[in-house]
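Everything below concerns the one structure shown next.
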Amino acid sequence: MSNHNETTTFAQQLRSDPRLSQAKQLILDAVADYQQHIVNVRPARPELELAYQQMLDAFGEIRGGSLYFPYLASGLGNGPFVELADGSVKLDMITGIGVHGYGHSHPLLVEAGIDAALSDTVMQGNLQQGAESFELVKLLTATANESGAHLNHCFLSTSGAMANENSLKMAFQKNQPANRVVAFSHCFAGRTLALSQVTDKPGNRVGLPDTIAVDYIPFYRADDPAGSTESAVNHLKWQIKRHPGKIAALWMELVLGEGGYYLGSPEFFQALSSVARENQIAVIADEVQTFGRTSRLFAFQHFELDQHVDLVTIGKISQVCATLYTDDYKPKPGLISQTFTGSSWAIIAANAIIRGLIDQGHFGKEGRNMQLHAYFQAGLQRISERLPQAVAGPYGIGGMVAFTPFKGELEKAKEMVNRMYHAGLMSFIAGSDPVRIRFLMPLGSVEERHIDLACQIIEQIAEEMNAEA
Ligand SMILES: Cc1ncc(COP(=O)(O)O)c(C=O)c1O
């Protein structure tokens, strides 16, 4: 054991103990030994199928409803590939709806997990945080402000919904007595009592009491940039006129995620934000799904809204969620707090994932995110040319890719997702009328060959369904 040194803590000395780096290497080597078998999709092992099905049935029963996919991970994967507890291997191009940005069992995540196991607690919270939490809020505010934003503050939380709730609370408190929100048609903001009102999906709030009043304005239309911008601005102005002094926040989801992968433009968002700012309305960007997936770490930077945003929320790929905000929106004591800010693993992994994406060239107009998107888009385009009925589009941006299957009929889209799943490819639906099939790639580990495999499976299923139609 090393001797005590007055300038370092025992924890620092422990982390630089050579036994730990040896143990870490041993663990990484052992993981790699088993990962080398997980390099392609494969069906379940017949010997494991019965027990797996029993597990799924019992899980569904306890949970009160079956799982969307018959998916229970074995606990090992290899980048975009994941082994399930029935021995099958899937190509994961949906990543828990955008969470597993480095895929499965990536060395960066395993290392973060070992470091976390060596920290003194499983969870961190507002009363007692670790130095990693400080590192994370510094990293997030520094990168958020690198092209002119003023998001000097950052509050961590455990879910996208909580980050969004916190942003709404700050906006209401600052702009009181304003008590309404304006949001885009078809936006998704989360499922709490308040956010179920912001989310433009009436089905998600059946039986719930009204909490906050939300007015909707239309989103951007790529086929009519000027007209749709004018229309949205006019709707916003009209709402401001109808409810003078009562609108606290303009809620902007910069790429409609659950809504079906529709993009806005810098001019569209800037025009709306300018009207909001002139009327003392908080401009909130919900980046829970877009964070880390566009040409910049933050999508508000991609859409050149640095001078416009007051509050920005992030989640999913960041493992820990957060609300970033300007000096003006600083909450009064007591407004926001909670027991957990996240597990030590999530916080350490958040730092590693964000630094990893930056250091590995994921951002920039020609960065890896945009390259991967272009490659996937070209593959889908080729399928679309051969089978236009089955695959239309593609749509999306960066690490968000989608196509419209079979005119966007819900049942067909679900069937295609299901058949691709059984053929080894994980995707999910988005939007309604048309319903699209979307992919949230594990950007940190996906390679062109994985996208080729995904396209091969999409084409095979598209062909089969086309022939049956
Ligand atoms: C844009 C957006 N906001 C908020 C949320 C809610 O995040 P969470 O499910 O972590 O509460 C989601 C989740 O899909 C989302 O896509």
Side-chain angles (χ1 to χ4, degrees), residues 68 92-101 159-165 167 181 183-192 195-201 203-204 214 216-222 250-265 268-269 284-303 305 309 311-319 321-323 369-370 372-373 376-377 393-405 408 410 413 417 426-443:
Y68 190 91
D92 184 6
M93 296 292 256
I94 193 61
T95 60
I97 319 192
V99 179
H100 320 310
S159 71
M162 201 61 219
N164 282 350
E165 282 273 333
S167 73
V181 173
F184 294 129
S185 301
H186 305 298
C187 75
F188 184 90
R191 294 174 202 266
T192 62
L195 295 168
S196 300
Q197 304 292 329
V198 179
T199 294
D200 186 21
K201 250 183 163 178
N204 287 13
V214 183
Y216 295 97
I217 59 174
F219 195 63
Y220 180 76
R221 282 181 39 196
L250 169 64
W251 187 270
M252 299 207 297
E253 195 188 352
L254 304 178
V255 178
L256 296 182
E258 304 306 297
Y261 285 26
Y262 294 89
L263 270 65
S265 73
F268 174 77
F269 294 126
I284 306 181
D286 176 350
E287 294 214 28
V288 171
Q289 194 158 152
T290 49
F291 179 72
R293 294 197 168 268
T294 66
S295 74
R296 300 285 303 273
L297 182 63
F298 291 86
F300 80 76
Q301 297 170 324
H302 173 95
F303 289 108
L305 299 172
V309 286
L311 299 117
V312 173
T313 58
I314 65 160
K316 293 186 185 277
I317 203 169
S318 54
Q319 315 299 301
C321 302
T323 310
N369 284 2
M370 301 313 259
L372 288 166
H373 184 88
F376 206 161
Q377 199 168 27
Y395 309 98
I397 180 173
M400 306 170 78
V401 177
F403 68 87
T404 303
L410 176 63
V417 164
M426 295 196 70
S427 64
F428 196 45
I429 53 172
S432 57
D433 198 20
V435 177
R436 289 177 171 169
I437 292 181
R438 67 172 142 163
F439 303 94
L440 284 155
M441 292 183 266
L443 291 162

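Reckoned from all heavy atoms, side chains included, excluding hydrogens, waters and symmetry mates.
- Contact annotation: the side chain of Met93 approaches that of Pro442 to within less than 4.5 Å [non-hydrogen atoms, C-beta and beyond].
- Of all non-hydrogen atoms in Asp92 and Ile94, the two that sit nearest each other are OD1-N, 3.1 Å.
- Proximity of a side-chain donor or acceptor of Thr199 to a complementary backbone N or O of Gly190 within less than 3.5 Å is detected.
- Here the NZ-CZ distance, from Lys201 to Phe188, works out to 7.0 Å after rounding to the nearest 0.5 Å.
- Side chain of Ser427 to main chain of Val417: no donor-acceptor pair is present (N/O by atom type, distance under 3.5 Å, no hydrogens or angles).
- Checking each of Val214, Asp286, Ile217, Leu311 against Trp251 for a side-chain contact (heavy atoms from CB on, under 4.5 Å) leaves exactly one that passes, namely Asp286.
- Between Gly292 and Ile317, the closest heavy-atom pair is CA-CG2, 4.5 Å.
- Heavy atoms only, all atoms of each residue included: Val401 and Met441 are closest at CG2-CE, 3.8 Å.
- Side chain of Gln319 to backbone of Val99: a donor-acceptor contact under 3.5 angstrom is found.
- Nearest heavy-atom pair across Ala413 and Val435 is CB-CG1, 3.6 Å.
- Inter-residue side-chain proximity for Met370 and Ile397 is flagged as met; some heavy-atom pair is nearer than 4.5 Å.
- For the pair Leu254/Phe298, no side-chain contact is recorded, criterion being any heavy-atom separation below 4.5 Å from C-beta on.
- For the pair Asn369 (side chain) and Thr294 (backbone), a donor-acceptor distance under 3.5 Å is present.
- Every residue meeting the salt bridge (Lys or Arg N to Asp or Glu O under 4.0 Å) condition with Glu258, not counting sequence neighbours, appears here in chain and number order: Arg438.
- Arg436 forms a cation-pi arrangement with Tyr395, by the criterion of a distance under 6.0 Å to the ring centre and an angle within 45° of the ring axis.
- For the ring-ring contact (aromatic ring centres under 6.0 Å, His included) with Tyr220, the lone residue among Tyr262, Phe184, Phe268 that qualifies is Phe268.
- One distance of note links CD of Gln301 with OG of Ser295; it measures 9.0 Å at 0.5 Å rounding.
- Cys187 approaches Tyr216 most closely through the heavy-atom pair SG-CE2, 4.5 Å.
- A distance-only check finds no donor-acceptor pair linking the side chain of Arg296 to the backbone of His302 [under 3.5 Å].
- Here the closest non-hydrogen pair linking Gly257 and Ala430 is O-CB, 3.7 Å.
- Using a 4.5 Å cut-off on side-chain heavy atoms (C-beta onward), Met252 and Ile284 make no contact.
- The CD atom of Glu165 lies 11.5 Å from the OG1 atom of Thr313; values are rounded to the nearest 0.5 Å.
- Note on ring orientation: taking the six-membered ring where Trp is involved, the planes of Phe219 and Phe269 are tilted (angle from 30° to 60°).
- Side-chain contact check for Phe428 versus Ile437: every heavy-atom pair is 4.5 Å or farther apart.
- Residues Gln197 and Val181 form no side-chain contact, since every pair of their non-hydrogen atoms from C-beta on lies 4.5 Å or further apart.
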